[in-house]
Protein chains: 2
Amino acid sequence: MANPTIYDVARAAGVATSTVSRVFGKPGRIADATRDRVLQAARELGYEPNPHARALTSQRTQTIAMIVSDITNPHFFELIRGAEMRAKAAAYTLVLVNAEESTRMELEQVRRLTRSVDGFLLAASRQPDDKLADLAAARPVVLINRRVEGVASVVLEPWEGSRQIVAHLASLGHTSLVYLAGPTNSWMAASRWTALRDAAAELGVRAVRTGPYTPTVSSGGAAADAAIGTGATAIVAHNDLLAIGVLRRLADRSVRVPEDVSVVGFDDIFAADLCTPTLTTLGGAHSDVGRAAVEILVESLGQPRSSTPSPQIVLPSQLVLRASTGTAPAGERTTQR
Amino acid sequence: MANPTIYDVARAAGVATSTVSRVFGKPGRIADATRDRVLQAARELGYEPNPHARALTSQRTQTIAMIVSDITNPHFFELIRGAEMRAKAAAYTLVLVNAEESTRMELEQVRRLTRSVDGFLLAASRQPDDKLADLAAARPVVLINRRVEGVASVVLEPWEGSRQIVAHLASLGHTSLVYLAGPTNSWMAASRWTALRDAAAELGVRAVRTGPYTPTVSSGGAAADAAIGTGATAIVAHNDLLAIGVLRRLADRSVRVPEDVSVVGFDDIFAADLCTPTLTTLGGAHSDVGRAAVEILVESLGQPRSSTPSPQIVLPSQLVLRASTGTAPAGERTTQR
DNA sequence: ATGAAAGCGCTAACAC
DNA sequence: GTGTTAGCGCTTTCAT
């Protein structure tokens, strides 16, 4: 038979269609003998439940959508990977959408997919806070690397991590740093800068910001030039891609790293350990972020809507010291206490 | 209204439900005035078509599944990216599944998703040929970087590319090379080796193969040791990840690249241009491969099944020369004609 | 514990 | 060009 339905199975097993439905839907509520008979018939006919018919009545699709702001960034890769693994484990299907840094497209895709998925993972969303609150009020949403009051989220710790970067630089004798900012509507960019600035103030380091820059290798050139222009001895780039671009430009300009200037990135992407010099960066278990996001989304789908308290999860980040940071150049160096 | 249906729209616009359905389904067949009226009503009510109800009757889901054999490999990233972009452009939703190098899981996921998607993209499938032919006979399938008789596919040219690698090495005076093989059930691994071997024979280069190796950086250590053991002056690794692992191990063993030995990879991943030395590799437009695969899949979905001639597309690869290849060490060098 | 039957929202003949 | 109507395959009351 081409596409056997519960009717075929019901007939073959000599039961009602509702019984077949129950066998597949809520296994507890059926007598063992009947269940075995149904399962047997189903197997013989090669029956597979039709997810659309199921979704039509039950309103549950066993599918979640992950919308990433920029699939080009390898950092998202880990996020996606973690999410995919956890989704598969929970028997959910993962739909992947790239918003290409466009807030409009992000919204449009959420709208388009609203009926086809049970919930959304919004990774590094570029929407304003109120928009996200609206979206989350209307459907299950978990934000990734973005935090908004009252909306569930999972973020990789940016505050203490940024603090550690500044402390690390300060301990190497740096008295000034420049932050190469990421996109203006990036929550992470804002969080990092705030934390860097505060930590710098505390530790007596001068901190300035330039940008915003598109977080890509190719933007690193202009960013590096601007950074050098500030006279700072340490450059903290919004992410590793940008940092690697900076490294390249500095090499072209014969600025030595870390002798003349130190460079720090964020994310600890695969390439951070391969570039020359290897890059000091704030990393963390990105795939765990994706995993955790799926976890709390799926969990919230089980509960009656709105009864959930919107968990805000923070996963630890971790400063990875490599060769791109070193003691501040002597001329600029201040006496350490 | 919470979830307006075509009934609500029909009532508001004063038409039949079928008219509403047509407006959204086949825009041509309706009078302009009626269409505008329906669209207007739909907008006012905030109507969104329910994809499941649509799929249930029409048998079309506007969704395609992409199953990748190993999402960890950054090379797949580009494939996914190209596929996602093209799918979105064609108003298709992309479901992403990682098979984690497991043939069983690959099959299982295809089965599970068969009813929910219109077709499959199988990237670097690890299934045997006959299994793939079976799968493709039962549903629309496009293979990516895998070729099987009678099944539609898109591959990045491996033969002429491998040939160019050998020619490049030969022109540098190398007379022997070792290929560090990828997974045994990888079609690409087989194709590359065959092409390398044939080209080597033609050009008077001795070629041996070791392995198989898991194509990861961490496998590169053992692979490098084995390669050195063969005495070959040129190492061709199954992919860039493995090649980078080899580079690391050689550096640890103080084997100079390219002075003592040359190293070549495949894929031209982002990191190939960042490692030390930078890696000579056979690249190509991977995202175009993903794009093309979606294209022919979507196209075949338009046609009546089986009327399509299963296109086998080959996209050009391209040898990217970097610093990891150089003239063969003098001792081993043969006189050039 | 199981059956009967009414939809879920939409499409696709088939009429007119 | 538009309306009528019968399902698509399943879940879910409501009975029994």
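Per chain, numbering begins at 1; letters A, B, ... match sequence-line order. Predicted model only: the values in this text are computed from it and were never measured.
Phosphate proximity of D:dT12 to A:Lys26: present, with a side-chain N or O under 4.0 Å from OP1 or OP2. Between B:Tyr47 and C:dC10, a side-chain N or O to OP1/OP2 separation shorter than 4.0 Å is present. An OP1 or OP2 oxygen of C:dG3 is reached within less than 4.0 angstrom by a side-chain nitrogen or oxygen of A:Thr19. Remark: B:Thr34 is in phosphate contact with D:dT2, judged by side-chain N or O atoms under 4.0 Å from OP1 or OP2.
Checking D:dT11, C:dA1, C:dG9 against the side-chain heavy atoms of A:Ala31 singles out C:dA1 as nearest. In this structure, of C:dG9, D:dT12, D:dC10, it is D:dT12 that holds the atom nearest to the side chain of A:Ser58. Of the listed nucleotides (D:dG3, D:dT5, D:dG9), D:dG9 has the atom at the smallest distance from the side chain of A:Thr5.
In this structure, A:Arg11 places its CZ atom 14 Å from P of C:dG3, rounding to the nearest Å. The nearest whole Å value for the distance from the CG atom in A:Leu56 to the P atom in D:dT12 is 12 Å. B:Gln62 places its CD atom 15 Å from the P atom of C:dC10, with the value rounded to the nearest Å. The CZ atom of A:Arg54 sits 11 Å away from the C1' atom of D:dG9 (whole-angstrom rounding). Here the P atom of nucleotide D:dC10 and the CZ atom of A:Arg60 are 18 Å apart, to the nearest Å. We find that CG of A:Asp36 is positioned 16 Å from C1' of C:dT2, with the value rounded to whole Å. One atom, CZ of A:Arg22, and another, P of C:dT2, lie 9 Å apart when rounded to the nearest Å. When rounded to the nearest whole Å, the span between NE2 of A:His52 and P of C:dC8 equals 20 Å.
The base of C:dC8 is not paired with the side chain of B:Tyr7 by any donor and acceptor separated by under 3.5 Å. In terms of polar N and O atoms assigned as donor or acceptor, the side chain of B:Arg35 never comes within less than 3.5 Å of the base of D:dG1 in a complementary pairing. Between the side chain of B:Ser18 and the base of D:dT5 there is no donor-acceptor pair of N/O atoms closer than 3.5 Å. For A:Arg115 and C:dG9, a side-chain-to-base donor-acceptor distance below 3.5 Å is absent, hydrogens and geometry of angles not being considered.
Residue B:Ile30 is classed as a sugar-phosphate contact, given heavy-atom separations below 4.0 Å to backbone atoms only. Among the protein residues, B:Val15 comes within range of the sugar-phosphate backbone only, with heavy atoms under 4.0 Å from sugar or phosphate atoms but none that close to a base.
Side-chain contact, B:Ser153 with B:Gln312: a donor N or O sits under 3.5 Å from an acceptor N or O. B:Gln40 and B:Arg43 are linked by a side-chain donor-acceptor pair at a separation below 3.5 angstrom, with hydrogens and angles left out of the test.
The 5' end of DNA chain D is approached more closely, in terms of each residue's nearest nucleotide, by B:Arg37 than by the other of A:Pro51 and B:Arg37.
Taking both residues in full, the closest heavy atoms of B:Glu84 and A:Asn98 are given as OE2-N, 2.9 Å, listed atom of the first, atom of the second, then distance. Closest heavy-atom contact between A:Ala91 and A:Gln62: O-NE2, 3.0 Å. Residues B:His286 and B:Leu79 share a closest heavy-atom pair of O-CD1, 3.2 Å.
Checked against A:His52 for a side chain to side chain contact (heavy atoms under 4.5 Å, CB included), the options B:Thr61, B:Asn50, B:Thr57 give a single hit: B:Thr61.
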